[in-house]
Amino acid sequence: MAGLDPEDWEELKAQGHQMLDDMLENIRHVSQGPVWQPMPASVREGFRDAPLPASGQELGALYQQFTQTVQPYAVGNRHPRFMGWVHGGGTAQGMLADMLAAGLNANLGGRDHAPVEVERMVIRWAAEMFGFSPEATGLLVTGSSMANFIAILTATRNVSGGQDLRQQGVGGRRLVGYAGESAHGCVARAFDMAGLGEQALRRVPMDSAFRMDMAALERMVAQDRAAGFEPFLVVGTAGTVDTGSIDPLNALADLAAREGLWFHVDGAFGALAKLAPDLAPLLAGLERADSLAFDFHKWAQVPYDAGCVLVREPGRQAAAFAQSLAYLSREERGLAAGAPWFCDLGPDLSRGFRALKVWFALAGFGTQKLGQVVTQSCALAQELARQVQATAQLQLLAPVTLNIVCFRVVAPDVEDLDRLNGELVKDLQLSGVVAPSTTRIGGVLAIRVALVNHRTTKADIAILLDAVHSFTEVRLAHAKMMKELADTPQA
């Protein structure tokens with residue numbers, strides 16, 4: 001039986017070079033096309049109705065299908081005016097690193113090989129970036145959802161008697177943790193998946209700056225202790241998903257130390273503001289966390305997916321995840337050497353070579369240049385906020401701490417402003433010109449602009465505001481016309 005390698009390597013190389021050149025050109029000119037466009041029904045149905053292939057197709061035919069049915073209808077986060085969600089824009093260099101990693105096809109669950117050392121190096125660099133010691137442990141994962149899950153499991157297994165939980169489950173332990181009302185939904189999901197239950201996560205009210213209210217937190221911890229619960233964890237957020245605000249990290253570290261709580265920080269995107277000298281002071285206290293979750297695929301612009309979890313004290317992660325199995329025995333020499341293995345620090349045994357593209361980003365651009373991307377994003381957010389405040393028809397809905405701006409269109413003759421702003425966002429997305437998203441701030445629907453892409457410039461901010469104005473005028477004119485028709489007596 002023949003293997004799966006090509007019969008004609010030269011033909012494959014020619015096709016591969018064409019695919020590579022085409023994609024690099026596509027990235028090069030990405031700003032000239034629409035941010036996003038909806039997938040036609042015929043294309044969608046082609047995927048949904050496609051039968052399982054019994055025989056194969058030529059690579060050229062598959063590539064043609066990709067260019068016609070996938071590439072034009074991607075999410076759009078490479079585009080400089082993708083502003084709705086906190087997605088990095090990726091880089092051409094990162095794409096090449098991913099290609100090299102796929103060529104090696106390495107499994108980084110463990111064993112003794114160079115890709116494992118690359119990930120160890122990247123974890124050590126990450127620890128240095130955030131003020132952790134070189135002995136801190138960590139893991140590259142899919143994203144902050146998994147990183148937060150691993151950190152919360154680690155915290156759970158490191159409470160008093162935590163090792164028993166690995167064998168017996170949480171049982172009658174009345175463990176509770178705390179996070180701000182604005183914490184990402186993955187924190188509550190982690191409590192659910194860890195077997196603690198979402199009700200074990202206490203949601204702490206926010207202050208006027210959309211940060212966790214420390215006085216409320218202290219009251220809640222005291223009340224839980226008095227009621228017989230066992231507080232074990234507090235989660236601070238460095239860059240909330242709605243507004244980009246940062247919880248008072250130093251105050252949280254102080255409280256965690258007093259109360260004997262594990263202090264975890266969800267820094268999905270905001271933690272990388274540490275690379276920007278003008279913004280790093282906002283994160284004071286981050287270096288005191290027991291664990292940290294963040295993403296390289298956001299502000300560091302590494303291609304998806306590339307999340308990371310760090311744990312300050314060596315041995316804590318292994319206490320939560322390590323197993324002793326005959327078929328995974330470690331040896332002093334040979335391919336089964338190289339302990340500890342990464343599978344001892346998280347749930348995955350099969351792990352891809354994510355570290356290569358992270359290495360290429362950190363070593364290829366350097367932390368200074370990546371920090372400049374962060375500074376640029378936040379400066380653009382401040383510029384947008386200034387223009388929103390200077391425009392009578394727009395209302396800024398939250399302070400701008402980092403890179404997220406929440407505002408809405410206001411019109412005196414419109415009764416349902418939520419509907420107006422919601423429809424405006426859909427209009428903008430469908431136009432292909434710009435793609436913001438929505439959220440709710442203080443009970444009202446907001447147009448949410450998250451500036452993450454390294455390709456975004458001041459000109460893109462101008463295009464966004466022009467588009468908001470144009471589509472608002474169209475909607476208001478249409479509403480006026482419909483009202484006049486409704487008020488006109490019928491013959």
Side-chain angles (χ1 to χ4, degrees), residues 26-27 29-40 72-90 241-244 373 376-398 400 402-414 416-441 444-482:
N26 182 266
I27 296 172
H29 301 293
V30 67
S31 64
Q32 297 175 15
V35 179
W36 171 82
Q37 55 186 345
M39 188 184 302
Y73 310 112
V75 70
N77 54 301
R78 299 177 306 158
H79 198 288
R81 292 191 296 280
F82 180 93
M83 299 176 177
W85 294 268
V86 185
H87 291 189
V241 67
D242 283 327
T243 65
V373 171
Q376 174 181 294
S377 297
C378 295
L380 288 173
Q382 292 294 338
E383 174 63 24
L384 174 57
R386 283 191 291 270
Q387 295 197 43
V388 165
Q389 290 179 302
T391 305
Q393 200 175 33
L394 303 179
Q395 178 187 13
L396 189 68
L397 294 174
V400 177
L402 291 173
N403 63 323
I404 296 176
V405 184
C406 293
F407 66 97
R408 66 172 178 167
V409 171
V410 291
D413 296 330
V414 176
D416 192 345
L417 287 175
D418 280 3
R419 177 175 171 77
L420 171 64
N421 283 275
E423 292 303 314
L424 277 174
V425 167
K426 295 172 193 173
D427 292 341
L428 293 166
Q429 292 171 354
L430 288 166
S431 74
V433 174
V434 64
S437 65
T438 62
T439 190
R440 285 197 173 271
I441 304 294
V444 303
L445 192 77
I447 299 173
R448 177 178 175 274
V449 173
L451 301 168
V452 187
N453 195 316
H454 61 99
R455 303 180 179 99
T456 307
T457 68
K458 198 170 180 178
D460 296 303
I461 298 301
I463 291 171
L464 162 71
L465 290 171
D466 286 345
V468 168
H469 176 74
S470 297
F471 280 102
T472 299
E473 291 302 305
V474 170
R475 286 227 157 247
L476 293 179
H478 180 263
K480 181 180 179 182
M481 181 185 69
M482 295 303 293

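What's counted below: heavy atoms across the whole structure, side chains too, no hydrogens, waters or symmetry copies.
In this structure, Val474 has no side chain to side chain contact (heavy atoms under 4.5 Å, CB included) partners at least two apart in sequence or on a different chain. In this structure, Arg419 has no side-chain hydrogen bond (donor to acceptor under 3.5 Å, both in side chains) partners at least two apart in sequence or on a different chain. For Leu430, the side chain to side chain contact (heavy atoms under 4.5 Å, CB included) criterion is met by Trp36, Pro38, not counting sequence neighbours. Residues meeting the ring pair (Phe, Tyr, Trp, His ring centres under 6.0 Å) test with His87, sequence neighbours left out: Phe82, Tyr304. Thr243 is linked by a side-chain hydrogen bond (donor to acceptor under 3.5 Å, both in side chains) to Thr240, Ser245, counting only residues two or more places apart in sequence or in another chain. Checked against salt bridge (charged side-chain N to carboxylate O under 4.0 Å, His left out), Arg81 has the following partners two or more places apart in sequence or in another chain: Asp460. Checked against side chain to side chain contact (heavy atoms under 4.5 Å, CB included), Ala462 has no partners two or more places apart in sequence or in another chain. Residues passing the side-chain hydrogen bond (donor to acceptor under 3.5 Å, both in side chains) test with Thr472, sequence neighbours excluded: none. Applying the side chain to side chain contact (heavy atoms under 4.5 Å, CB included) rule to Thr439 yields the partners Asp242, Cys406, Ile441, Ala446, Arg448; only residues at least two apart in sequence or on another chain are considered.
Distance alone, capped at 3.5 Å, is enough to place a donor-acceptor pair between the Asp418 side chain and the Leu445 backbone. A donor-acceptor pair is defined here as one N or O able to donate and one able to accept, closer than 3.5 Å; no such pair exists between the side chain of Gln376 and the backbone of Thr457. Side-chain N or O atoms of Asn403 include none that pairs as donor or acceptor with a backbone N or O of Ala381 at under 3.5 Å. Proximity of a side-chain donor or acceptor of Gln37 to a complementary backbone N or O of Gly432 within less than 3.5 Å is not detected. Counting only distance, with no hydrogens or angles, the side chain of Arg455 and the backbone of Ser31 share no donor-acceptor pair below 3.5 Å.
Shortest non-hydrogen contact noted between Val388 and Gln395 is CG1-C, 4.0 Å. Of all heavy-atom pairs spanning Ala467 and Val434, the tightest one is CB-CG1, 4.2 Å. Across all their heavy atoms, Gly244 and Ile404 have their closest contact at N-CD1, 3.8 Å.
Side-chain contact check for Ile447 versus Thr438: every heavy-atom pair is 4.5 Å or farther apart. Side-chain contact between Leu420 and Val409 is present, with at least one heavy-atom pair separated by less than 4.5 Å. Contact annotation: the side chain of Leu394 approaches that of Val468 to within less than 4.5 Å [non-hydrogen atoms, C-beta and beyond]. Using a 4.5 Å heavy-atom threshold, the side chains of Asn77 and Asn453 count as separate. Residues Leu451 and Val449 form a side-chain contact, since some pair of their non-hydrogen atoms from C-beta on lies under 4.5 Å apart. Val405 is not listed as a side-chain neighbour of Gln387, based on a closest heavy-atom distance of 4.5 Å or more. The side-chain heavy atoms of Leu428 and Pro436, taken from C-beta on, include a pair separated by under 4.5 Å. At least one side-chain heavy atom of Thr456 sits under 4.5 Å from a side-chain heavy atom of Met83.
With values rounded to the nearest 0.5 angstrom, Ile461 atom CD1 is found 5.0 Å from Leu380 atom CG. Summarising the geometry, atom CZ belonging to Arg408 is positioned 12.5 Å from atom CD belonging to Gln393; distances are rounded to the nearest 0.5 Å.
Sorted by first then second residue, the salt bridge (charged side-chain N to carboxylate O under 4.0 Å, His left out) pairs that include residues 466-477, not counting sequence neighbours, are Glu423-Arg475, Asp427-Arg475. Under the salt bridge (charged side-chain N to carboxylate O under 4.0 Å, His left out) criterion, the residue pairs touching residues 382-394 are Glu383-Arg386, with sequence neighbours excluded.
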CA sep, side-chain torsions, deciding dist, call: Leu465, His469, side-chain contact (heavy atoms from CB on, under 4.5 Å): CA-CA 6 Å; Leu465 290 171; His469 176 74; over 6 Å; no
